[in-house]
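Numbers for residues simply follow the sequence, beginning at 1.
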Amino acid sequence: MRPSIKQLLTFALKVLRILPLTISPQVPNTTSGQTKHVCTAHNRLLHNHATFHQAAPDLRSPSPENPAFDNQPPKEGVQLGPLFRMFHPLLTGNQFIVGQKCDNAPSPPRTEVSPTDWTPYESQVAFETAEFLYTCNQMSAGQIDTLLDLWAATLIRHNDSPPFTDHHDLYKTIDSTPLGDVAWETFTMSYNGVKPAENIPPWMTAGYDVWFCDLHLLLHHMLSNPDFNAEIEYVPYRDYTNNDQCCYKNFFSGDWAWKQVDIIAEDPETHGSTFVPLIIGSDKTTVLVATGHTKYHPLYLSIGNIFNGVRHAHCNGVVLVGFLAIPKSTKKHLDDKDFCNFRRQMFHSSLAKIFESVKLNMMIPDTVRWSDGHYRRIIYGLGLYIADYPEQLMLLGVVQNWCPKCLNHRKNLDGNGPSLLWCQEHTDLLVQELQHVHLWNKYGIIQEVVVSDIHELISPDILHQIIKGTFKDHLVDWVEDYLLLTHRASCAAELMDNIDRRIAAVAPFAGLWHFSEGCGFKQLTGDDSKALMKVYVICVFSAFLDFCYIDDLTQLQDSLSRFYQSRQIFKMTGVVPHFSFPCQHSLNHYFLMIRLFGAPNGLFSLITELKHIKAVKEPWCCSSRYKALGQMLLMNQHLDKIAANQSTEGDTADIVDGPIVQAHVELAVMPISVFSSAAASFHAPSDLSGTGGMRHEHIWVTTTWRGGPARNDCVFVSTNEEVNCGLDGLAVARVLCFLGLNRDPDTGMYIVVPSTTDDGTLDISILHIDCIFCAAHLIPIYGTNSLPRKITPHDSYNVFYAYYINKYADHHAFKIA
């Protein structure tokens, strides 16, 4: 029996009580009636699970090209190293014919492109020139013409010419690229409700343009991208350890994908198909301010089938779908109830219109060519929505300071027991029985905009909930407030200066930022906050940092409980009256969200913000600022075409693509047998890494560092043949000395002191390079005295008697600790 429309096509953004709205292609049109939005309905969880299991180990998932599959996933499962993987038995993704459509209509199979074929470019040099000028350097048209003229002048004597004559020739070549060619479309929205007889607000008469790409075509392009061939999954699965514990990593390893496939598989006609969950993200911008009464913010799309690491490392793992319109109003009407409701409805209606092209294939399978050249029958469905807290409230119709996940009251978000998750039946009953004021004050529900139950589909937001929210906006500020409350103003300022000097004196380490002024600056970006977390070690922060780094769900609840207990010092001293903060409360939901959707490192707003730079900010800077949106759309189309020829994005200085190894160290190549650095490669998928999860860091030993004093890094030295034995099998060594290990009970970090011989001299040994496991980072134990200003990071390993091993320097150090 086929699933009902309510089960599979009830759009998650259905507005039950809305203001009238008009949607028209290209030009405004007047129609009346309410707008109904339809999409996939998702299985709801009405309570938290009592137990959670171990997080996924670092292991790449196989694809149908893997011999372990024999061209289709085995029903009985397959052993993958320490894991046993069970695949969903019904939606197996095996309805395909190599190089042909499922209806046996012949089609040309995918063929490997010749390495010398750079069509439509004349050669590789021509393509790399276009990529450098347009993508890397983002050169203006006039500067491109000047450079090409100078280049042509040097080639005249050789009877040759540059690959392009001018910027028109360059743009024409880029436009002729057949790959990545999805045109931009637009529709206009306007208010169509009751208007006052006089003094009509401007927002009621304005038209609002929404630009978007055909979602159906975008998905076909993504699924057929050959770069995803070894980095995409076709079947939901469950991984088990030898102890029968579930492991969670990529999106398809979570329970949600399995349960959605169970619902779809109720229709026998879908058996053998592939489920493609759509991961949506929107991120408002303050850069793009269009003319008239609108501004736009971008909408992004990814799919749940690709690996989490691909969304970090691959530019086409997340694509720009459109620019949503947000109506602007005069200050007089900014807080008007009708205007606020209209703004929310426009947001929902825009999403409904953009996703209209795939709505049919949320029930009837679509036939798509995949990255491996096979055609498969697929079923689309709405997956996670990636957004920051304000955007979540706009999407869900929830009042400020309430939780978008559960019903806990805003004044006591953590509650006194398990949280009751949002339930559509409960919400409908409340709306039916209660008045607007009671819904707003008692339940945080906006009566005029009640959406379907998609609360569980709001993704965990590590950037705003943990890094910028709990750490930067709360804990760092609370420390300063605590000092001001417990000391005189002058004494508190001196203590904060001492904290800054201690942070500034931390020794350098690969990938670790140096805060030369400590944390005493007003504006902290997300990257600043994430880097500061690694060196701002206070007892109350230790449990919080453990929560951020830990990858074992059996220990996650314990670290959260310890953090909640240790933060009580701020309430007892009067720094804060309560802990009812949405970002800190959200930590309670991470256990369930990890079980449902896998590891959160590939599903949070940093991914959309990074894409936001490429899709909005840089095109804006390259535009003329006059009617900038049209220029930005064209630039994005050009960038997609260039990326389709050769996809490269992100800083690859410290990421490695290749097979997974625990750790490996290679010496830097030098003309003589003196080495000033070594590169340690290791598996760290939670950090910025290659698609295989590999990363490398440099270990420096040099008499002068950047023209200054010497730099002598620390390393972990393997003293045990068992690699996975943790710090008990490793010693910490710096140049000319070994260090011993003890654990500090307050911070949970190991303490090391220089090892000496019987006569008090440093214990010196010569080690083979194979004994070095990876780089180590130490933070001095400063004691209670004020740190002299003359102490620099280069003195850090020379003037102190004992050190903490900084297990928060990176995920690899935390893993072995």
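When side chains are defined from C-beta on, D461 does not count as touching I386, because their heavy atoms never get closer than 4.5 Å. The closest side-chain heavy-atom distance from V276 to V368 is not below 4.5 Å. Looking at L610 and V318, their side chains never come closer than 4.5 Å, going by heavy atoms from C-beta outward. The shortest side-chain heavy-atom distance between H374 and R369 does not fall under the 4.5 Å cut-off. For the pair F127 and I642, the minimum side-chain heavy-atom distance is below 4.5 Å. Under the 4.5 Å side-chain criterion, counting only non-hydrogen atoms from C-beta, L223 is not in contact with N225. Contact annotation: the side chain of Y300 never approaches that of I279 to less than 4.5 Å [non-hydrogen atoms, C-beta and beyond]. A 4.5 Å side-chain heavy-atom check between W211 and F187 finds every atom pair outside the cut-off.
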Is there a side chain to side chain contact (heavy atoms under 4.5 Å, CB included) between C213 and W184? Walk through the geometry before answering. CA-CA 5 Å; C213 292; W184 286 94; 3.7 Å; yes
List the steps, then state whether side chain to side chain contact (heavy atoms under 4.5 Å, CB included) holds for L639 with Y134. CA-CA 8 Å; L639 291 172; Y134 200 89; 3.9 Å; yes
Assess whether side chain to side chain contact (heavy atoms under 4.5 Å, CB included) is satisfied between F323 and L629, documenting all intermediate values. CA-CA 9 Å; F323 286 92; L629 182 59; 4.0 Å; yes
Steps toward side chain to side chain contact (heavy atoms under 4.5 Å, CB included) verdict (D283, L299): CA-CA 7 Å; D283 183 21; L299 180 71; over 6 Å; no
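Residues satisfying the side-chain contact (heavy atoms from CB on, under 4.5 Å) test with P619, not counting sequence neighbours, are M632, M635, N636. Residues satisfying the side-chain hydrogen bond (donor to acceptor under 3.5 Å, both in side chains) test with T792, not counting sequence neighbours, are D795. With sequence neighbours left out, E391 forms a salt bridge (charged side-chain N to carboxylate O under 4.0 Å, His left out) with no residue at all. Residues satisfying the side-chain contact (heavy atoms from CB on, under 4.5 Å) test with P162, not counting sequence neighbours, are L148, W151, A152, L155. Every residue was checked against the side-chain hydrogen bond (donor to acceptor under 3.5 Å, both in side chains) condition with R343, not counting sequence neighbours, and none meets it. With sequence neighbours left out, the side-chain hydrogen bond (donor to acceptor under 3.5 Å, both in side chains) criterion links Q631 to S624. Contacts of L170 classified as side-chain contact (heavy atoms from CB on, under 4.5 Å), with partners at least two apart in sequence or in another chain: A130, L133, I144, F164, I174. Remark: E122 pairs with no residue by the salt bridge (charged side-chain N to carboxylate O under 4.0 Å, His left out) rule, at least two apart or across chains. Partners of L334 by side-chain contact (heavy atoms from CB on, under 4.5 Å), not counting sequence neighbours, listed by chain and number: F339. Remark: H777 pairs with F509 by the ring pair (Phe, Tyr, Trp, His ring centres under 6.0 Å) rule, at least two apart or across chains. The side-chain hydrogen bond (donor to acceptor under 3.5 Å, both in side chains) check on T608 picks up nothing, with sequence neighbours excluded.
Remark: the backbone N or O of L603 is paired with a side-chain donor or acceptor of S459 at under 3.5 angstrom. Judged purely by atom type and a 3.5 angstrom limit, N305 uses its side chain to pair as donor or acceptor with the backbone of E233. The closest donor-acceptor contact from the side chain of Q392 to the backbone of A387 lies under 3.5 Å. Using modelled atom types, no side-chain atom of H220 and backbone atom of W370 make a donor-acceptor pair closer than 3.5 Å. Counting only distance, with no hydrogens or angles, the side chain of S605 and the backbone of D388 share no donor-acceptor pair below 3.5 Å. With D214 contributing its side chain and S357 its backbone, the two residues share no donor-acceptor pair below 3.5 Å. The backbone N or O of W203 sits less than 3.5 Å from a side-chain atom of Y208, completing a donor-acceptor pair. Proximity of a side-chain donor or acceptor of R311 to a complementary backbone N or O of I303 within less than 3.5 Å is detected. A donor-acceptor pair is defined here as one N or O able to donate and one able to accept, closer than 3.5 Å; such a pair exists between the side chain of N250 and the backbone of N308.
Distance check, rounded to the nearest 0.5 Å: CE of M139 to OG1 of T146 gives 9.0 Å. Of the inter-residue distances, the one linking I354 atom CD1 with S349 atom OG reads 11.0 Å to the nearest 0.5 angstrom. Atom CG in L606 sits 5.5 Å away from atom CG in L463 (nearest 0.5 Å).
Using modelled atom types, one finds a donor on one side chain and an acceptor on the other under 3.5 Å when comparing Y385 with S282.
Listed by first and then second residue, the side-chain hydrogen bond (donor to acceptor under 3.5 Å, both in side chains) pairs that reach into residues 156-175 are D145-H167, D175-H638, sequence neighbours excluded.
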